[in-house]
Structures are given as structure tokens and as C-alpha cells.
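Heads up: numbering here begins at 1 and tracks the sequence. The structure displayed is predicted, hence computed values, not measured ones. What's counted below: heavy atoms across the whole structure, side chains too, no hydrogens, waters or symmetry copies.
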Amino acid sequence: MSLKSLLMPAISQRFLSRERLEKLRIRAERKRQAQGEAHHIHYFHQVDDPYSALAAASLPMLLARYDVAVSAHVVGPPPDSAAPERDKLVAWSRRDAQLLAQRHGLVFSDTGGQPNAADVQKATRLLVAGTRDGRFLAIASGVSQDLWQRPLSLHSGTAILAEATDTAAHLAQSAALRQKLGHYLGATFFYSGEWYWGIDRLHHLERRLQLLGAQRNGVLPVAPDFLFPPPADLQQPVQLAHPQTIDFFVSLRSPYSAIAAARVFELGRRTGAAVRIRYVLPMAMRGLPVPRSKRIYISLDAAREALLRRIPFGRVNDPLGRPAERGLALIPFAERAGKGEAYLLSFMQGVWAEGLDAGSERGLRRIAERAGLDWLPAKAALKDESWRQTAEANRAEMFGLGLWGVPSFRVGDTAVWGQDRLWVVEDELLKTNNK
């Protein structure tokens, strides 16, 4: 066992713990109070990003609820290292934003393409000017809607546009600040040391502000009250006449896959839908780099989401490389034994919550035997390399669906990406049953 494998679980357990998070929040609040400062949110807006269009629409609602100051920063797209499949990311963002808009009563429609460069440039100059004269919060949502609707109807005539040199300077300064604070995307909110991406994570920020007494009415809600509440998982069994199969595209190195696994299998049980494990190699093992800021944000965000869902998480032993390969090699063996689900859940719990080293015989044996597998034949199955062809076929199929990351799910003709899109899978199962 390497020194890294020995130290990582203890380090990650502390770094991702609820106790550390709460201490950082308490420290930040004491500092704010000592300096007599207002609650201050930095918002980073990417003009041609659909998620930013939704986030901009949320700003007036957020300000109506909470006594906060917002500093707006216009930024460009993420760097290539943070968006390795940019074309797929861009196309998916439009589709996904439309799903979110429909769910939450916001305005956004996927027109099948991005706004043209000239319109994006004009909208950028409008919004940069808005950050300088204090109008950003008032105009951002309208400018975003105008940019994305067809035919285009961007404000003209008396519109105030920043000069090209001022716009370039603002974009550079905003990008530098975002990088310094530790993120890489637009549609992001930064408050007192913590990041929140898109309207999906605003409930975390709202809860934090509520506990600090920042709501304008000064009264803490008796029950959680958020602009965009996190969707609850299906609680009761539902009789479906012909439940469709759920394809679960999963990587053993994905923290979001780890916190989605138990939930998707539970959804399958409650609906009678079979869950088919479609494993793929981790991105880093497919030659796709993951920048440090992205790794850190994903880890912290996954820990926060796991805490919300009461899923064990945080004592991590990164299965990159040999541990992931050994773990993947046993999935076909486990499935032949009727233990695919049990094995995948045992692996995820082992490496993401218990710090087990799946690269060692002791660690993988514990994972396998806990799932009900006999170790000697399982150990022999590690020599079978046929899983590689299956993993590549699964990756190719996932890419063919317009997706590139995990966890992803497919039900019938509907395919979605993200552990926070299980509600789409559930809706599709129930909808197809009623057709």
C-alpha cells in the first residue's frame, strides 16, 4: 500500500467533513460581523451560457428575499481544461436549461444553437456597462432573454455599451478573480468562502443565509423554504405496468456517481424498473485532464450534496488507475452472479466513504465479499480483460446520446446527465407508464 493510500482517507475525511464546513462558516461570519460588512455575494455571469440566463433571472428574487449585496462579474467560457468536450457541454447546457426552466417556471427555450458572436459581443458590452453603473441586476435577466429568443430583440438605440477596451479589461479581471477564488464556470455564486453553481445549488446558499438571519422579514422559516427546492426522491412504491429499463452510465472514480448509485437503484426498486450498469473508464484515464480547481469544487459540492441526501461520503481513497481497473474488472463477474448492484454499491461505499484501497487485495476482497462474492473466483476474474471493450462501447454509446460525463441516465428516448437529474428519470418512468 502506498503512502498516498494510507494518508488520503484521513486527509479527505477532514477536508470534506461537516465539522470543517461549519467551522469555516462560523469563522467567516465572525469576520463579517467584526468588520461591520454586509452579506456579500459575488456573482459570475457568462453571457452565452444558458445556466447564466437562469441564474440572472433568479437574482431579483434572491434580493427580494435576503438583505445582501451582490457584486456582478461578466466572464468568458471556461478554459478547455475544464470543458474537455465543449461542443457536447454547450449543446447539453441548452437542453438542460430548458428542462430546469420548465420545472421552475422560468423562461428559456433551446433553439438548437448558440446566439451569434455579434449578439454575444453586444450583450457582453451591455452587461459590462451595467456592472459599472449599477444597472446589472436590473437588466441582466432581460438582456439574457433577448439574447436567447428568436428573432433577436436586443436593446438598441439608447442602450449603454461599454467600450471594447473596457469590456476586455473587465472580462480579464473577472476571470482572474474567479480563478483566485477557486472556480472556472459561469452562473456561479460565491459567498464567504463557498461556491454555488447555478440555480440547482442556490438552496444551499439560501439555507446558509436563513440561518444567519439575512432574510428580509427576519423570521427563520419553520420548514425549508427555497426558490428552487432540491427535488425529493420518490418515497412510495408505484405500480408501473411496463417499467422501462434505466441505463446508468457510471464511473468508479466519480464522486457524483458514488452519491447517485444508491438512489438510482432505489428508484428502480420503487418503480419496478431494471437498472442496467453501463460502466466507463474515468475521464482522467481516458486522457481528459481535470484541473485542480474543478477537482476541489466537485469534491466539496459532492460532500455537501451527500450530506443533504444523508449518504455516507468523505473518507476517500481515490481509485484512479489500478484500483478503478480492478474494480471494473469485477463488475461483469458480479453481474453473472446476480450481484451487480450489491457489488457496485459496496465499491462506492468502500472507496468514497470508508477509505478502502481497491488497488490492494485486502481492500478489494472486503468490497467483493461484502457484496456476497466468493473471493477466490473473483480474484481469478481479475485476469479477464474483456471489460475494457464493454467500457469503451458504453462510452461510445453515451457520447452518441450527446453526453460525455457521469453519472448519466437513459430511459427510453430521454437521456440526462448529473446526479441532480434523477427527477427527470423518475418523471419519464411515470410519464411513459401513462401513455
Side-chain angles (χ1 to χ4, degrees), residues 1-9 11-12 16 84-85 248-262 264 276-292 294-295 298-299 302 312-335 339-371 373 375 378-399 403-408 419:
M1 181 181 291
S2 68
L3 181 62
K4 182 179 179 182
S5 292
L6 286 170
L7 295 177
M8 186 186 302
I11 294 172
S12 63
L16 300 175
E85 295 288 342
F248 177 29
F249 294 91
V250 58
S251 160
L252 298 183
R253 200 198 177 214
S254 160
Y256 291 131
S257 291
I259 64 177
V264 70
R276 184 161 48 197
I277 301 171
R278 309 298 298 275
Y279 54 87
V280 300
L281 271 174
M283 291 180 69
M285 295 169 66
R286 290 186 268 129
L288 301 175
V290 183
R292 183 174 181 273
K294 186 174 182 178
R295 293 197 307 271
I298 287 175
S299 296
F313 183 88
R315 187 172 175 83
V316 180
N317 204 325
D318 186 357
L320 179 65
R322 184 170 183 263
E325 291 181 331
R326 286 162 56 83
L328 289 170
L330 288 191
I331 292 180
F333 172 77
E335 290 183 318
K339 305 286 186 181
E341 173 187 340
Y343 170 72
L344 181 60
L345 293 179
S346 179
F347 189 98
M348 291 304 203
Q349 179 178 325
V351 302
W352 292 103
E354 299 172 342
L356 297 183
D357 179 9
S360 70
E361 179 164 336
R362 180 180 178 183
L364 190 59
R365 178 172 183 171
R366 181 175 174 184
I367 289 169
E369 290 184 338
R370 180 168 59 189
L373 299 175
W375 176 242
K379 185 177 180 181
L382 292 172
K383 299 176 183 179
D384 185 352
E385 295 278 308
S386 61
W387 65 267
R388 294 185 184 275
Q389 289 73 38
T390 303
E392 172 55 22
N394 290 337
R395 182 210 63 79
E397 187 166 346
M398 181 175 70
F399 273 43
L403 304 173
W404 70 101
V406 293
S408 288
Q419 61 88 22

Donor-acceptor pair, [X] side chain versus [Y] backbone, under 3.5 Å?
| X | Y | result |
| --- | --- | --- |
| R253 | D318 | no |
| Y343 | F333 | no |
| N317 | V351 | no |
| W387 | L382 | no |

I'd like to check the side chain to side chain contact (heavy atoms under 4.5 Å, CB included) partners of [X]; sequence neighbours left out, ordered by chain and number.
| X | answer |
| --- | --- |
| R362 | S360 |
| R365 | E369, W375 |
| V406 | F249, S251, S254, S257, V280, M398 |
| S346 | I367, R370, A371 |

Using the side-chain contact (heavy atoms from CB on, under 4.5 Å) rule, take F399 and E85 through it: C-alpha gap first, then chi angles, then the decisive distance, then the call. CA-CA 10 Å; F399 273 43; E85 295 288 342; 3.5 Å; yes

Once you round to the nearest 0.5 Å, how far does [atom1] of [X] lie from [atom2] of [Y]?
| X | Y | atom1 | atom2 | answer |
| --- | --- | --- | --- | --- |
| R276 | E335 | CZ | CD | 10.5 Å |
| I11 | R315 | CD1 | CZ | 10.5 Å |
| S408 | N394 | OG | CG | 11.5 Å |
| L320 | L252 | CG | CG | 11.5 Å |
| R395 | R278 | CZ | CZ | 12.5 Å |

Under the ring pair (Phe, Tyr, Trp, His ring centres under 6.0 Å) test, residues paired with F248 that sit two or more places apart: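 Partners of F248 under the ring pair (Phe, Tyr, Trp, His ring centres under 6.0 Å) test: F409.
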
What is the minimum heavy-atom distance between I259 and A302, and which atoms define it?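 Answer, listing the atom of I259 first, then A302: CD1-O, 3.8 Å.
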
V250 and I277: which non-hydrogen atoms are nearest, and at how many Å?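 Distance-wise, the nearest heavy atoms are CG1-CG2, 3.9 Å.
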
Please examine the side chains of [Y] and [X], heavy atoms only from C-beta on, and report whether any two atoms are closer than 4.5 Å.
| X | Y | value |
| --- | --- | --- |
| F347 | L364 | yes |
| T390 | P332 | no |
| P9 | V316 | no |

According to side chain to side chain donor-acceptor pair (under 3.5 Å), who are the partners of R388, at least two apart in sequence or on a separate chain?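 By the side chain to side chain donor-acceptor pair (under 3.5 Å) rule, R388 matches E325, E385.
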
